[in-house]
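All values below were derived from every heavy atom in this structure, side-chain atoms included, with hydrogens, water molecules and symmetry-related copies excluded.
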Amino acid sequence: MADFWDSHDTTDFWQLTKPVNFAVNIQSEVCYFRLENSLAEKLQAVAQMRGVSSETLLNLWIQEKLQKEAA
């Protein structure tokens, strides 16, 4: 199929298309890690001050740290 569409254009077949409705449910995979209670409390406090969830803040911090490690 990929070879076909590499050499053809959708507009050549537009009269054969029809409207469709569909739903997409994209969910990321979740992985749990243990976190000391005191660290979790501090994380929640900082996240609340920044107006984000603790999960979002933790993911941002880990992403930043991993980018620095990779450099």
Side-chain angles (χ1 to χ4, degrees):
M1 185 167 45
D3 290 337
F4 177 84
W5 289 113
D6 283 344
S7 60
H8 293 79
D9 189 289
T10 309
T11 58
D12 297 333
F13 302 92
W14 196 253
Q15 72 280 3
L16 301 174
T17 65
K18 61 182 179 180
V20 295
N21 293 317
F22 59 92
V24 177
N25 185 8
I26 299 175
Q27 296 180 355
S28 61
E29 188 174 316
V30 176
C31 186
Y32 293 95
F33 293 92
R34 292 178 187 251
L35 187 62
E36 293 178 15
N37 284 339
S38 61
L39 291 175
E41 290 170 0
K42 291 175 184 177
L43 175 66
Q44 289 171 344
V46 173
Q48 187 175 12
M49 286 189 309
R50 295 186 181 196
V52 297
S53 70
S54 55
E55 291 86 1
T56 297
L57 183 59
L58 185 58
N59 276 289
L60 288 170
W61 283 351
I62 291 173
Q63 186 178 24
E64 288 173 7
K65 180 67 174 177
L66 291 174
Q67 286 174 350
K68 287 179 185 176
E69 289 291 322

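Around CG of N37, the count of heavy atoms belonging to other residues, nucleotides or ligands within 6.0 Å does not exceed 12. For Q67, the CD atom counts as densely surrounded, since its 6.0 Å shell holds more than 12 non-hydrogen atoms of other residues, nucleotides or ligands. Open room surrounds CD on E29; 12 or fewer heavy atoms of other groups in view lie less than 6.0 Å from it.
Each of L60, N59, L58 was evaluated against I62; a single residue qualifies, L58, per the side-chain contact (heavy atoms from CB on, under 4.5 Å) test. Of the residues listed (M49, E55, R50), the one engaging V52 in a side-chain contact (heavy atoms from CB on, under 4.5 Å) is R50, and it is the only one.
Of the inter-residue distances, the one linking S53 atom OG with Q44 atom CD reads 10.5 Å to the nearest 0.5 angstrom. Annotation: the span from Q63 atom CD to K68 atom NZ amounts to 12.0 Å, rounded to 0.5 Å.
Taking hydrophobic clusters as Ile, Leu, Val, Met, Phe, Trp and Tyr residues chained together by side-chain heavy-atom distances below 4.5 Å, V24 shares a cluster with V20. Both L39 and L43 are assigned to one and the same hydrophobic cluster, defined by single-linkage of ILVMFWY side chains at heavy-atom distances under 4.5 Å. Under a hydrophobic-cluster definition in which Ile, Leu, Val, Met, Phe, Trp and Tyr are linked whenever side-chain heavy atoms come within less than 4.5 Å, directly or via other members, F13 and M1 are assigned to the same cluster. Under the 4.5 Å side-chain heavy-atom criterion for ILVMFWY residues, a single connected hydrophobic cluster contains both I26 and F22.
Classified by interplanar angle (parallel below 30°, tilted 30° to 60°, perpendicular above 60°), the ring pair H8/W5 is perpendicular.
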